[in-house]
Every structure is written in C-alpha cells, then in structure tokens.
Protein chains: 2
Amino acid sequence: MEEKVMNIGVVRELTGLSERQIRYYEERKLIFPERTKGGVRKYSFEDVKRIQEIHQKLQDGFRTLELKKKPFVGQQVRLSGNGG
Amino acid sequence: MEEKVMNIGVVRELTGLSERQIRYYEERKLIFPERTKGGVRKYSFEDVKRIQEIHQKLQDGFRTLELKKKPFVGQQVRLSGNGG
DNA sequence: CGTGTAAGGAATTCTGACACG
DNA sequence: CGTGTAAGGAATTCTGACACG
C-alpha cells in the first residue's frame, strides 16, 4: 500500500476532504506525495490513512506543526491554550 | 486491492504496456475499469495483475477472445493453428 | 492558522480513425 | 487481430493570490 498511484481526486473521494486541505497538509510537510514528470501529485493508500489521521488530529485541536515527525504517538490532546 | 484508483498512466508504468494495449483489453471485455464522471478510466491493482496475465497469454499465442470468462484455467497453450 | 474560491495555464486522458501485417 | 500514431477536444490538476476569522 506504499505505492503512490492515486491522483488527488481519488484521495478527495476516499477521505471526503477537499483538495485544498490535502495540498495544505503537504505544504505543512505532513505528507509526501510523489510527482509525475508533469507535476501531478501521486498518493498511496498509506497517504490516505495518514491524511485522515491528520484531519482527525486537527479536529482534536492540534495545529499542523505539532503533527510533524512522530505525530501520533505520546501526544497530549490540546483543545485550547496556545502557551505563548 | 479491488479499489479502482489508478489512471491509465500509472497502469502503463506498472505494467510496461502501452495505453493502447490497456484500452484494447477493455474493448475486448477482458478488464472492466470504472469511470469518473468525466469519463476517465480508473483501475485497481487487481486489474493491473489481470492485464499482465492477459499480455502473457497473448505472448503465448492466445487471442483475446479466448481469454474471456474463465481465461486462466484449464486452457491449452496454442502457438499456432487456428482451426478453420 | 486552516480552508474556500476564482483564474489561467499545463498535464493527462478520451474517442474515432487510418495504418500495418 | 493486436497495436502504433496523429488529431482535436475534454477532464483533471497545478500554482499563486485574495479572503475570512
């Protein structure tokens, strides 16, 4: 399931998210789709799973930057309070 | 692996065959990709496997029509001789 | 910050046809 | 029969920007 074979349109359908959201997660370095020569993004089923987890975390109040590296282990849920 | 998620371009790369060949196998009713609203074909990993088997059979001298229904069981290799 | 959207361009795919042996 | 190719159109995706709260 590591093969990067899907266009963003398929990922959109599988996840129910928008292309904007999917591209944004990449911009934040949370997912790493491949590209065709022409620049078209290609995703794997693993990516799809990851995208859904990211979205879930965002729902839980995380910010994308907090999801980098090992994003889904040993983290505390934070619904408010930005420190700062 | 039944999910129809790949464009023909990806199938081309995975199989090494041409788009022409891939579309032709569909024309001969040997594979059944889905379609997006816009008419773009979508293939599964199963389809990819099937396509490779079809191609192999053609190499072995079969004709596409002979590959229909249960194409890969109980068949004799035929390298020449078309009856008739 | 995370997401929506309109804009224009580019990559990808589609169909139907002609060609070959 | 199985496959290549040039042709024109259509669907899909891309980037950069403005907007909102």
Side-chain angles (χ1 to χ4, degrees), chain A residues 4-44 47-48 50-68 71 78-84, chain B residues 4-44 47-48 50-68 71 78-84:
Chain A
K4 311 275 190 175
V5 296
M6 293 176 252
N7 278 10
I8 197 165
V10 175
V11 178
R12 174 170 39 64
E13 289 186 357
L14 292 180
T15 62
L17 302 183
S18 67
E19 297 182 14
R20 184 67 163 97
Q21 289 173 300
I22 299 166
R23 293 201 191 96
Y24 182 66
Y25 300 163
E26 176 185 6
E27 186 182 317
R28 304 304 291 170
K29 313 282 186 187
L30 300 175
I31 50 175
F32 306 92
E34 291 179 356
R35 297 275 187 147
T36 65
K37 283 189 178 182
V40 173
R41 272 170 270 249
K42 293 296 180 185
Y43 303 86
S44 67
D47 289 329
V48 170
R50 188 89 205 280
I51 288 166
Q52 289 171 323
E53 289 174 332
I54 292 167
H55 181 63
Q56 183 56 57
K57 288 296 180 184
L58 286 176
Q59 298 277 295
D60 292 346
F62 284 93
R63 284 175 305 157
T64 52
L65 271 179
E66 304 180 286
L67 303 182
K68 296 197 64 175
R78 50 195 308 296
L79 289 170
S80 59
N82 292 53
Chain B
K4 311 274 191 175
V5 298
M6 294 176 251
N7 278 10
I8 196 165
V10 175
V11 178
R12 173 169 42 63
E13 289 185 357
L14 291 180
T15 62
L17 302 183
S18 68
E19 297 182 13
R20 184 68 163 95
Q21 289 172 300
I22 299 166
R23 292 202 191 96
Y24 182 66
Y25 300 163
E26 176 185 6
E27 187 182 318
R28 303 304 291 172
K29 313 283 185 186
L30 299 175
I31 50 174
F32 306 92
E34 291 180 354
R35 299 274 187 148
T36 64
K37 283 190 178 180
V40 172
R41 272 170 268 251
K42 292 296 179 184
Y43 302 86
S44 68
D47 289 328
V48 170
R50 188 90 205 280
I51 288 166
Q52 290 171 322
E53 289 174 331
I54 293 167
H55 180 63
Q56 183 56 57
K57 288 295 177 184
L58 286 176
Q59 297 279 297
D60 291 346
F62 284 93
R63 285 176 303 159
T64 53
L65 270 180
E66 304 180 284
L67 304 181
K68 296 198 63 175
R78 50 197 308 296
L79 289 170
S80 60
N82 292 52

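The analysis underlying the following values was restricted to heavy atoms, covering all of them including side chains, and did not include hydrogens, waters or symmetry mates. Chain naming here is simple, since letters A, B, ... match the order of the sequence lines and numbering starts at 1 in each.
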Inset, instruction - Give A:Arg41 one of three labels, base, sugar-phosphate or nothing, depending on what nucleic acid heavy atoms sit under 4.0 Å from its own. - result: sugar-phosphate
Legend entry - Minimum-distance nucleotide to A:Ser18 side chain [options: C:dC14, D:dC14, C:dG4]: C:dG4
Inset, instruction - Tell which nucleotide pairs with C:dT3, taking only Watson-Crick or G-U wobble pairs whose two distances are both under 3.5 angstrom. - result: D:dA19
Legend entry - First encountered from the 5' end of DNA chain D, between B:Glu19 and B:Lys37: B:Glu19
Inset, instruction - Compare every heavy atom of A:Tyr25 with every heavy atom of A:His55, then report the nearest pair and how far apart it is. - result: ND1-OH, 3.5 Å
Legend entry - Expected output: side-chain B:Lys4 to main-chain B:Phe32 donor-acceptor under 3.5 Å: yes
Inset, instruction - Take the protein atom NZ of A:Lys57 and the nucleotide atom C1' of C:dG2, then report the distance between them rounded to whole Å. - result: 18 Å
Inset, instruction - Report the distance from atom CD of A:Glu26 to atom C1' of C:dG2, rounded to the nearest whole Å. - result: 16 Å
Inset, instruction - Taking only the side-chain nitrogens and oxygens of A:Tyr24, find out if one of them lies under 4.0 Å from OP1 or OP2 of C:dG4. - result: no
Inset, instruction - Ignoring hydrogens and angles, tell me if any N or O in the side chain of A:Asp47 forms a donor-acceptor pair with the backbone of A:Ser44 under 3.5 Å. - result: yes
Inset, instruction - Would you indicate, yes or no, if D:dT3 has its OP1 or OP2 atom less than 4.0 angstrom from a side-chain nitrogen or oxygen of B:Tyr25? - result: yes
Legend entry - Nearest to side-chain heavy atoms of B:His55, which nucleotide of D:dC14, D:dT3, C:dG2: D:dT3
Inset, instruction - Taking only the side-chain heavy atoms of B:Gln21 (C-beta and beyond), determine which of D:dT15, D:dG4, C:dC1 contains the nearest atom. - result: D:dG4
Legend entry - Nearest-Å distance for atom pair CD1/P, residues A:Ile54 and C:dT3: 10 Å
Legend entry - Distance test, side-chain N/O of A:Asn7 to OP1/OP2 of D:dT12, below 4.0 Å: no
Inset, instruction - Compare the minimum distances between each of D:dT15, C:dT13, C:dT3 and the side chain of A:Arg23, then state the nucleotide with the smallest one. - result: D:dT15
Legend entry - Nucleotide C:dT13, atom C1' - distance to NZ of B:Lys4 in whole Å: 17 Å
Legend entry - Among A:Glu34, A:Glu26, A:Glu27, salt bridge (Lys or Arg N to Asp or Glu O under 4.0 Å) partner for A:Arg41: A:Glu26
Inset, instruction - Using atom CZ of A:Arg35 as one end and atom P of D:dC14 as the other, report the distance to the nearest whole Å. - result: 6 Å
Legend entry - Distance-only donor-acceptor test, A:Arg20 side-chain atoms vs C:dT5 base atoms, 3.5 Å: yes
Inset, instruction - Please step through side chain to side chain contact (heavy atoms under 4.5 Å, CB included) for the pair B:Met6 and B:Leu14, ending with a clear verdict. - result: CA-CA 10 Å; B:Met6 294 176 251; B:Leu14 291 180; 3.6 Å; yes
Inset, instruction - Give the rounded distance in Å between these two atoms: CD1 of A:Ile51 and P of C:dG2. - result: 15 Å
Inset, instruction - Send over the distance from B:Phe62 CZ to D:dT3 P, rounded to a whole Å. - result: 15 Å
Inset, instruction - Identify which nucleotide among D:dT12, C:dT12, C:dT15 has an atom closest to any side-chain atom of B:Val40, counting heavy atoms from C-beta outward. - result: D:dT12
Legend entry - Distance, rounded to the nearest Å, where A:Lys42 contributes NZ and D:dT13 contributes P: 8 Å
Legend entry - Side-chain touch B:Arg28/B:Ile54, heavy atoms, less than 4.5 angstrom: no
Legend entry - Base-pairing mate for D:dT12 - Watson-Crick or G-U, with both contacts under 3.5 Å: C:dA10
Inset, instruction - Return the 5'-most residue of the pair A:Ile8, B:Gly39 with respect to DNA chain D, ranking by each residue's nearest nucleotide. - result: B:Gly39
